[in-house]
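Naming: A, B, ... by sequence-line order, numbering from 1 per chain.
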Number of protein chains: 2
Amino acid sequence: MADLNDIAVFVKVAQLGSFSRASHALGMPVSTVSRKVSALEAELGVTLLQRTTRKLALTSQGQDYFHECSEPLNLLFDAERVLTQTQRKPEGTLKISVPVVLGQDPFLEFISDFLKLYPRIKIDLFITNLFLDLIAENVDVGIRFGELKDSTLIAKKLGSQVRYVVASPEYLKDRKPPTKPADLGLHQCVLLNGKNNEAEWELLNGRKRAEIRVAGPISSRDFQSVSTFVYRGHGIGLLPSTYCNDKIEKGELVRLLPDWASRQLEVHAVYPTRNFLPSRLHVFLEALRAWKSPLWTLP
Amino acid sequence: MADLNDIAVFVKVAQLGSFSRASHALGMPVSTVSRKVSALEAELGVTLLQRTTRKLALTSQGQDYFHECSEPLNLLFDAERVLTQTQRKPEGTLKISVPVVLGQDPFLEFISDFLKLYPRIKIDLFITNLFLDLIAENVDVGIRFGELKDSTLIAKKLGSQVRYVVASPEYLKDRKPPTKPADLGLHQCVLLNGKNNEAEWELLNGRKRAEIRVAGPISSRDFQSVSTFVYRGHGIGLLPSTYCNDKIEKGELVRLLPDWASRQLEVHAVYPTRNFLPSRLHVFLEALRAWKSPLWTLP
DNA sequence: AATTACATTTCCATTTATGGAAAAATCGCA
DNA sequence: TGCGATTTTTCCATAAATGGAAATGTAATT
């Protein structure tokens, strides 16, 4: 196939009816314009332009070819303009994947505020605990708790989360509080993502580690629900510190086994490697970094 | 603007989902494909392809850009295919300009035969004695009698024409035949393109030249008509030898002043300079060269 | 877990394209 | 008719692109 840049040059010459004017318009020397048009004619085996040093006319084939090529070239130019404009402006669709625990008012409010700040951005939100291959699923960014698996993604740390063993005074009123982790097995617990309303809790105390099988009457998939049931005395919970600290201070919750806590989880925003970050992703990451989430503490 | 060839390469990679397959399809080394796609991304400031050495996926912007560019590139490819196909096959429209004297059955029959031979060719015929600028008027080919003026045209000699002074025996029956050119002024003459039924005839006899003002009752614009009136005894005519020789041999016409004749006119096919002759023009010129025209003798 | 196969990226010698200047040609004006 | 202005074409030193080989990295297989 002919050199596409030569075609664009030819079209510009045909439009302006002059090699000189075309060279000005294209920002290239007249000698280059001349050579490229001649090269195109040679490649096609067709005379497109009838020319002397002072006169220029399209041959009938040149006219046909010019008409056939003008529109596609305009479309290509438009495609580039739209692409680069979108890239530079915070606009377009962001596909975001977050775990179910984030699918709550605090995060939804954050998203709402973000969209009010950037009205040209659209959000396509996946709230799932399933592992998503961000590249294959064409997801722009995900939020991940805990260890990261996919090393081809870029990770930006958002914060960290530690969880405490807590219960309401009401729950504890008629009960003997646990004095060691194993005692939890004797208690009703409110679970996050329990299986058959059972779960394994891993607790650390310095170098000491305990794994306890716990059970309870209620299991839910997000900390909002879980914490509400804990607050209302339905059992002991293992809640992020951000859900507890205020209430513990106010006496509305009691921290149990205070020397023990969950393993500290790192929270990251992850996204596929890109040489050029779209503006919309860039501003989203910045907003995310600044957000005081109830689910993690800032670094 | 981005390098259009880079765009075409990107589109092929996106289509085939592989640099290697794209390099085979495009007949270029994989290193070139890689570099061109990277160059395009750099120029646009956008990551179009998400890639590891084993995985390739379009970013959402890459997908959009791919969809925007596929159709225009196909259109450009089609335009080239149509152009080069038309160039190689005898098809398309031929614009032909001929003087009025050719606008007769013999030439029209020639054109008819030509079109039957090449049914895909179309003829746009100008029968005019006006001088046409072939380039400006986008005329493919013209037939010219006499000296050529436009040096930027290519001329192919078709033949030559000389005209004789003749009259029918019927006309001469009761008249004294002319014995020198000046005597023609005393006779009725049948004119070609006369003004007010008068014309100037230039006759040569070796180095001798005579210019005679002649007049007559009939003037017409083509040799078919003129010769018919001469045959029927309406006066003396200055007819192309090709119209006379047979009839002179048969005694149906009498050549007068046999030492004198018109200046010899060269007949050419002329067409604008072209580095690449369309097939349709090429075959037309060959047919014209081979045609035994009543208006000129072959070289 | 290690190795192999295969794909993409990078490097460098060679080839090709470019841009500026000069040559050539044409048209308009005096 | 001749000259000057302007445009296109050609030439050549320089810059950039290319293609092949090697390097790098990833995924599949053993």
Side-chain angles (χ1 to χ4, degrees), chain A residues 1-10 12-43 47-59 62 133-136 149-154 272-275, chain B residues 1-10 12-43 47-59 62 133-136 149-154 272-275:
Chain A
M1 188 167 183
D3 188 312
L4 295 173
N5 300 315
D6 294 354
I7 298 174
V9 169
F10 158 69
K12 187 60 69 176
V13 171
Q15 268 172 355
L16 301 181
S18 157
F19 282 63
S20 302
R21 280 203 286 270
S23 92
H24 290 320
L26 294 167
M28 68 171 57
V30 143
S31 51
T32 304
V33 173
S34 174
R35 187 192 306 115
K36 282 174 118 43
V37 173
S38 297
L40 180 62
E41 287 176 322
E43 171 70 25
T47 300
L48 300 169
L49 288 162
Q50 218 26 266
R51 49 204 187 265
T52 63
T53 57
R54 284 295 227 180
K55 246 183 200 165
L56 200 65
L58 282 161
T59 62
D133 182 337
L134 298 192
I135 297 175
K149 294 193 190 70
D150 199 329
S151 62
T152 59
L153 300 178
I154 294 188
T273 307
R274 280 180 178 241
N275 290 326
Chain B
M1 190 168 180
D3 188 312
L4 294 174
N5 300 314
D6 294 354
I7 299 174
V9 169
F10 158 69
K12 185 62 68 177
V13 171
Q15 268 172 355
L16 301 181
S18 156
F19 282 66
S20 302
R21 282 204 284 270
S23 92
H24 290 322
L26 294 168
M28 68 170 59
V30 143
S31 52
T32 304
V33 172
S34 173
R35 188 191 305 117
K36 281 174 117 44
V37 172
S38 297
L40 180 62
E41 287 176 321
E43 170 70 24
T47 300
L48 300 168
L49 287 161
Q50 212 35 262
R51 50 201 187 271
T52 64
T53 56
R54 283 296 227 176
K55 248 186 199 166
L56 203 66
L58 282 161
T59 63
D133 182 335
L134 298 192
I135 299 176
K149 296 192 186 69
D150 200 328
S151 62
T152 61
L153 302 178
I154 293 187
T273 307
R274 279 177 178 244
N275 290 326

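- The separation between B:Glu43 atom CD and D:dA17 atom C1' is 15 Å, rounded to whole Å.
- At whole-Å resolution of the value, NE2 in A:His24 and P in D:dT6 are 11 Å apart.
- Within residues 15-23 of chain B, no residue approaches DNA chain D, by heavy-atom distance under 4.0 Å.
- Minimum heavy-atom separation, A:Arg51 to A:Leu56: CB-CD1, 3.4 Å.
- Atom pair A:Asn5:CG and D:dA16:P shows a separation of 16 Å (rounding to whole Å applied).
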B/S/- contact track for nucleotides 16-21 of chain C, protein heavy atom under 4.0 Å: --BBBB
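- As rounded to whole Å, 14 Å separates atom P of D:dA17 from atom CG of B:Leu40.
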Can you give each donor-acceptor pair under 3.5 Å made by side-chain atoms of residues 24-37 of chain B, sequence neighbours left out, with the distance rounded to 0.1 Å?
| residue | atom | partner | partner atom | Å |
| --- | --- | --- | --- | --- |
| B:Lys36 | NZ | B:Asp6 | OD1 | 3.1 |

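- Residue A:Arg51 places at least one side-chain N or O under 4.0 Å from the OP1 or OP2 atom of D:dT9.
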How far apart are the C-alpha atoms of A:Leu48 and A:Leu40, what are their side-chain angles, what is the distance that settles it, and do they pass the side chain to side chain contact (heavy atoms under 4.5 Å, CB included) test? CA-CA 9 Å; A:Leu48 300 169; A:Leu40 180 62; 3.8 Å; yes
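- Taking atom CG of B:Asp3 as the reference point, atom P of D:dA16 lies 14 Å away to the nearest angstrom.
- If you take CG of A:Leu4 and C1' of D:dA17, they are 16 Å apart, rounded to a whole angstrom.
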Residue pair B:Leu58, B:Phe10: steps toward the side chain to side chain contact (heavy atoms under 4.5 Å, CB included) verdict: CA-CA 10 Å; B:Leu58 282 161; B:Phe10 158 69; 3.8 Å; yes
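- Scanning for ring pair (Phe, Tyr, Trp, His ring centres under 6.0 Å) contacts around A:Phe19 gives an empty result, with sequence neighbours left out.
- A search for side-chain contact (heavy atoms from CB on, under 4.5 Å) contacts involving A:Glu43 returns A:Ala2, not counting sequence neighbours.
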Mind running side chain to side chain contact (heavy atoms under 4.5 Å, CB included) on B:Thr59 and B:Leu49 for me, showing each step along the way? CA-CA 6 Å; B:Thr59 63; B:Leu49 287 161; over 6 Å; no
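- Shown here are the side chain to side chain donor-acceptor pair (under 3.5 Å) partners of A:Gln50, two or more places apart in sequence or in another chain: there are none.
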